[in-house]
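None of the values given here were measured: they were computed from a predicted structure.
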Amino acid sequence: MFTKYNISQIKTSMAVQSGVATVVKMTAAFLSFLMTLAFTRTLEKVDAGYVFTFISVVTIAATFSRMGTDNAVLRFAATSGLEDRRFFGRLAVVIVGVALFTSTVGALYLVFSEQVVAVSVLLCAIVIATCAMALGIYLAFVLRGAGKTKLSIWLQSGGIPGFVIVILAAVTFSGLTTNAGLSILIFALAALANATMAFSFFMRKRSNGSTAVEEKIPAFLLECRPLYLLATIQILTQWLPILLIGQLADLAAAAEFQVASRIAMLIGLVQAGVTTVTAPRMAKAWHLDDSTEVFAVYRKAMKLSIIISTVGVAAIALLSEFITNLFGDFSEAIPLLLVLLVGQLVGAYSGPIINLLTMTRNQSLLKLPALVSGISLLAIGVFAGWLYGAIGVAVAVVVSTTAQNIFALLAAKRKLGITYFGQ
């Protein structure tokens with residue numbers, strides 16, 4: 001429980017702390033950027049497309065495994081700390097157990113797709129990577145709720161790419177020839193190393209004794225159901241397009257979409273950096289029944305996101321040819337990049353609306369926006385992808401992102417009384 005929460009700190013230091021979080025997030029994004037660059041530079045385009053398809057399958061499976069606990073444990077840790085280690089530990093065991101099932105499903109998808117990697121390598125890598133990613137990101141959200149913001153950002157966004165780069169560099173200097181199979185194993189080992197680091201930091205955090213909180217795992221997971229749906233839709237929006245392109249077009253086009261997506265995500269990380277700081281603050285302010293300050297946090301975060309994102313989109317659009325050429329012969333990714341940047345602007349101009357609803361315990365209102373977004377992505381993605389290939393799938397991503405944000409804004413207006421410009 002809180003002693004006293006100094007609300008004035010929200011106004012005086014949000015810009016500074018959000019700026020620090022954004023810098024850390026951008027650094028993590030740069031590592032992801034370098035990881036994509038390393039794969040496209042060391043592999044043939046088809047092999048790179050298969051590796052990105054593998055990463056997509058593992059990421060989707062890991063998201064299913066976490067069962068929507070991310071923002072829920074963030075809020076739980078922000079209001080109760082890390083007192084109940086047994087609760088977090090039991091939940092981690094449940095997550096790893098579900099990850100074993102989802103990794104099996106993911107393995108079936110890749111085993112029956114285009115075979116450029118041995119089945120035994122796929123099975124081993126998918127199980128290791130899925131379990132490790134699910135556990136590592138879950139612990140990252142726990143630590144973020146406990147105030148370990150910069151560490152959490154590293155574990156959630158930069159850890160795996162960072163370890164991939166280190167391992168890939170070691171392999172390259174050893175003289176081994178890099179192929180799709182070896183690259184997949186490198187990613188799995190990186191995920192395992194990241195999860196091990198997350199666990200070590202979690203165990204290092206000392207507890208002040210047992211907590212009075214009596215939440216049980218089943219009840220907690222019931223609360224997470226709307227968040228589960230939302231997290232699934234969000235990760236599908238990010239990674240399903242690569243799977244659709246791989247099936248409807250080819251693996252080379254999937255690699256081009258991945259390059260465009262990684263570059264566009266640099267803008268999305270601006271908003272993520274802002275909400276990294278603002279989400280726990282909104283949760284604390286709401287816990288103190290101060291809705292005025294919750295809305296003040298939201299609007300200030302939205303303004304910061306709009307300013308930084310608009311400048312960033314303009315810069316990336318002007319330098320699009322130069323940036324895409326860093327990855328090799330990827331000039332065909334430029335139209336995809338320009339379309340995806342529109343979607344990033346939509347998210348920026350909506351502000352941290354998802355976090356606003358989540359941190360005020362109104363996550364159930366996100367079910368409709370998530371469903372509309374997911375259905376539109378799948379329906380438009382399949383139809384437009386079949387007709388127009390990768391560019392059609394990119395348009396589907398923008399449409400689904402826009403639909404989700406509009407419906408979330410409407411839900412916030414209806415339930416909380418907040419409007420885009422004022423209360």
Side-chain angles (χ1 to χ4, degrees), residues 25 28-29 31-32 35-36 39 50-74 88-89 91-110 117 121-144 151-168 183-202 224 227-228 230-240 242-243 258 261-262 265 269 272:
K25 194 79 174 178
L31 290 174
S32 180
M35 182 186 74
T36 302
F39 283 142
Y50 193 82
V51 172
F52 296 140
T53 301
F54 162 82
I55 296 174
S56 302
V57 169
V58 168
T59 304
I60 292 172
T63 302
F64 274 101
S65 304
R66 294 196 302 276
M67 298 173 289
T69 58
D70 297 352
N71 281 311
V73 296
L74 185 156
F88 290 116
L91 187 56
V93 171
V94 173
I95 288 172
V96 172
V98 178
L100 292 174
F101 172 77
T102 56
S103 61
T104 302
V105 177
L108 291 175
Y109 173 86
L110 281 180
V117 178
V121 173
L122 277 177
L123 293 176
C124 178
I126 289 176
V127 171
I128 293 174
T130 300
C131 293
M133 284 187 67
L135 180 61
I137 296 177
Y138 159 72
L139 291 175
F141 272 86
V142 173
L143 291 169
R144 177 178 158 193
L151 174 62
S152 172
I153 294 174
W154 161 258
L155 293 171
Q156 181 185 347
S157 304
I160 294 177
F163 282 118
V164 165
I165 293 169
V166 171
I167 299 173
L168 188 60
S183 299
I184 283 174
L185 285 178
I186 287 173
F187 184 88
L189 290 174
L192 183 61
N194 191 61
T196 302
M197 177 178 286
F199 181 75
S200 66
F201 278 108
F202 172 73
C224 293
L227 300 176
Y228 192 13
L230 177 65
T232 301
I233 296 300
Q234 286 179 329
I235 210 67
L236 286 177
T237 303
Q238 182 178 351
W239 292 103
L240 182 61
I242 295 178
L243 303 185
Q258 170 70 2
S261 177
R262 287 300 92 190
M265 282 295 290
L269 289 167

Within a strict 4.5 Å, meaning less than it, do heavy atoms of the M265 and S32 side chains meet?
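Of all side-chain heavy-atom pairs linking S32 with M265, none is under 4.5 Å.
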
When you compare the side chain of F39 with that of V164, does any pair of heavy atoms fall below 4.5 Å?
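Yes. Closest side-chain heavy atoms under 4.5 Å.
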
Closest non-hydrogen atom pair between [X] and [Y], with its separation:
{"X": "T59", "Y": "I55", "value": "OG1-O, 2.7 Å"}
{"X": "A107", "Y": "L123", "value": "CB-CD2, 3.6 Å"}
{"X": "S65", "Y": "T102", "value": "OG-OG1, 2.7 Å"}
{"X": "A188", "Y": "A125", "value": "CB-O, 3.7 Å"}

Starting at [atom1] of [X], measure out to [atom2] of [Y] and round the result to the nearest 0.5 Å.
{"X": "I184", "Y": "L189", "atom1": "CD1", "atom2": "CG", "result": "12.0 Å"}
{"X": "I186", "Y": "I165", "atom1": "CD1", "atom2": "CD1", "result": "11.5 Å"}
{"X": "L155", "Y": "M197", "atom1": "CG", "atom2": "CE", "result": "7.0 Å"}
{"X": "F64", "Y": "S103", "atom1": "CZ", "atom2": "OG", "result": "13.5 Å"}
{"X": "F163", "Y": "N194", "atom1": "CZ", "atom2": "CG", "result": "6.0 Å"}
{"X": "I160", "Y": "F187", "atom1": "CD1", "atom2": "CZ", "result": "5.0 Å"}

Identify every side-chain donor-acceptor pair in residues 128-140 under 3.5 Å, counting partners at least two apart or on other chains, and give the distances.
| residue | atom | partner | partner atom | Å |
| --- | --- | --- | --- | --- |
| T130 | OG1 | I126 | O | 2.7 |
| Y138 | OH | F88 | O | 2.9 |

